[in-house]
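A short worksheet on the structure shown next.
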Amino acid sequence: MKTPQPLRQGAGLLALSAVLWLAGCATCGLDPQVAQTTDSVRAQLGEPTETWPHSDGSQRWTYWWGAYGRQTCMADFDAQGRMQKVENVLDEAHFLQVRPGMTQAQLRELLGPPSWIWHVQYHDQTVWSYRYVNPFCDVFHVGLTPAGLVEDSAHGLDPICDHEDRH
């Protein structure tokens, strides 16, 4: 049976919309080609969730859009308040930077706040779980020791998804 033409066009528009949405995620709604400052970013995105000042006067701002948003944007500024970079940090490239021995503060500056936090009693670990955009409905888990240091990390199934279709 032949697929009707309007359905194929609609699917193409849907695919194009998805690509444009993902491209917007990468830059967090900010145009990296336009000179951005702390003032212009604040005007566009509001107050940051967290700020990370550095000893050289530069700073990193976190914008976190909640447990289901699957996006944490980091905007990096130089000492004069000019944006140097903006990116969604919930991706494999950033997950690969998580190392045993990192502190909670280092982890939070790298990935932002977790989607949720839970405890594994038998291993005496606190686990920070991060939702992120991926085709498998996975989450990224980071296990922290009682001293607050990264012990390990792994991917797992997101409990909000219907996983029976995965088998």
Side-chain angles (χ1 to χ4, degrees), residues 19-120 123-160:
V19 167
L20 293 174
W21 180 79
L22 286 171
C25 289
T27 60
C28 306
L30 297 171
D31 185 350
Q33 303 303 316
V34 174
Q36 302 280 352
T37 64
T38 53
D39 290 337
S40 66
V41 170
R42 187 178 279 116
Q44 292 173 70
L45 300 180
E47 288 299 318
T49 307
E50 296 174 319
T51 59
W52 302 93
H54 301 134
S55 59
D56 64 357
S58 66
Q59 56 185 316
R60 174 170 258 211
W61 288 6
T62 302
Y63 285 94
W64 184 67
W65 285 284
Y68 297 103
R70 298 178 184 187
Q71 180 171 269
T72 298
C73 288
M74 297 289 184
D76 293 324
F77 300 93
D78 64 16
Q80 289 72 43
R82 295 181 301 247
M83 189 175 75
Q84 302 300 298
K85 177 173 67 171
V86 62
E87 61 186 340
N88 177 16
V89 297
L90 297 183
D91 60 22
E92 294 300 326
H94 288 88
F95 298 155
L96 288 171
Q97 295 176 42
V98 174
R99 298 278 183 253
M102 289 177 78
T103 66
Q104 285 183 5
Q106 290 169 324
L107 178 62
R108 203 161 170 120
E109 185 174 356
L110 176 65
L111 299 179
S115 299
W116 75 93
I117 298 171
W118 49 290
H119 189 76
V120 178
H123 197 57
D124 199 19
Q125 250 188 4
T126 299
V127 179
W128 289 12
S129 297
Y130 293 88
R131 285 195 166 105
Y132 67 105
V133 176
N134 68 84
F136 308 109
C137 200
D138 285 347
V139 293
F140 182 67
H141 302 293
V142 180
L144 300 160
T145 67
L149 300 176
V150 171
E151 186 171 18
D152 55 21
S153 62
H155 289 81
L157 300 175
D158 191 329
I160 67 168

Does the side chain to side chain contact (heavy atoms under 4.5 Å, CB included) test come out yes or no for Asn134 and His155, once each step is laid out?
CA-CA 11 Å; Asn134 68 84; His155 289 81; over 6 Å; no
I want to check something: taking the side chain as every heavy atom from C-beta on, are [X] and [Y] in contact at a cut-off of under 4.5 Å?
{"X": "Val86", "Y": "Asp76", "value": "no"}
{"X": "Leu110", "Y": "His94", "value": "yes"}
{"X": "Asp158", "Y": "Phe136", "value": "no"}
{"X": "Arg70", "Y": "Leu90", "value": "no"}
{"X": "Leu149", "Y": "Thr103", "value": "yes"}
{"X": "Val142", "Y": "Met102", "value": "no"}
{"X": "Leu45", "Y": "Trp61", "value": "no"}
{"X": "Tyr63", "Y": "Gln71", "value": "no"}

Between [X] and [Y], is there a donor-acceptor pair closer than 3.5 Å when you use the side chain of the first and the backbone of the second?
{"X": "Thr72", "Y": "Gly112", "value": "no"}
{"X": "Trp64", "Y": "Pro113", "value": "yes"}
{"X": "Gln84", "Y": "Arg82", "value": "yes"}

For a quick test of reading the model, state the closest non-hydrogen atom pair linking Phe140 to Ser153 and the distance between them.
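Of all heavy-atom pairs spanning Phe140 and Ser153, the closest is CZ-CB, 3.5 Å.
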Quick check: closest heavy atoms across Gln59 and Pro53, and the distance to 0.1 Å?
CB-CA, 4.0 Å
Excluding sequence neighbours, so at least two apart, what forms side-chain contact (heavy atoms from CB on, under 4.5 Å) with Gln36?
Leu30, Val34, Ser40, Val41, Gln44, Met83
Value rounded to 0.5 Å, distance of CH2 in Trp128 from CG in Leu111:
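Between atom CH2 of Trp128 and atom CG of Leu111 there are 9.5 Å.
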Between CZ on residue Arg60 and NZ on residue Lys85, distance to nearest 0.5 Å
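Answer for the CZ-NZ pair, Arg60 versus Lys85, is 6.0 Å.
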Check the pair Leu144 / Val150 against side chain to side chain contact (heavy atoms under 4.5 Å, CB included), numbers first and verdict last.
CA-CA 4 Å; Leu144 300 160; Val150 171; 3.7 Å; yes
Residue pairs involving residues 89-118 (criterion salt bridge (Lys or Arg N to Asp or Glu O under 4.0 Å); sequence neighbours excluded)
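Sorted result for residues 89-118: Glu50-Arg108.
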For the pair Asp152 and Gln125, evaluate side chain to side chain contact (heavy atoms under 4.5 Å, CB included) and give the outcome as yes or no after the intermediate values.
CA-CA 10 Å; Asp152 55 21; Gln125 250 188 4; 3.0 Å; yes
Does the side chain of Ser58 pick up a donor-acceptor pair with the side chain of Asp56 at under 3.5 Å?
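Indeed, the side chains of Ser58 and Asp56 share at least one donor-acceptor pair under 3.5 Å.
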Identify the residue among Tyr130, Trp118, Tyr132 that makes a ring-ring contact (aromatic ring centres under 6.0 Å, His included) with His141.
Trp118
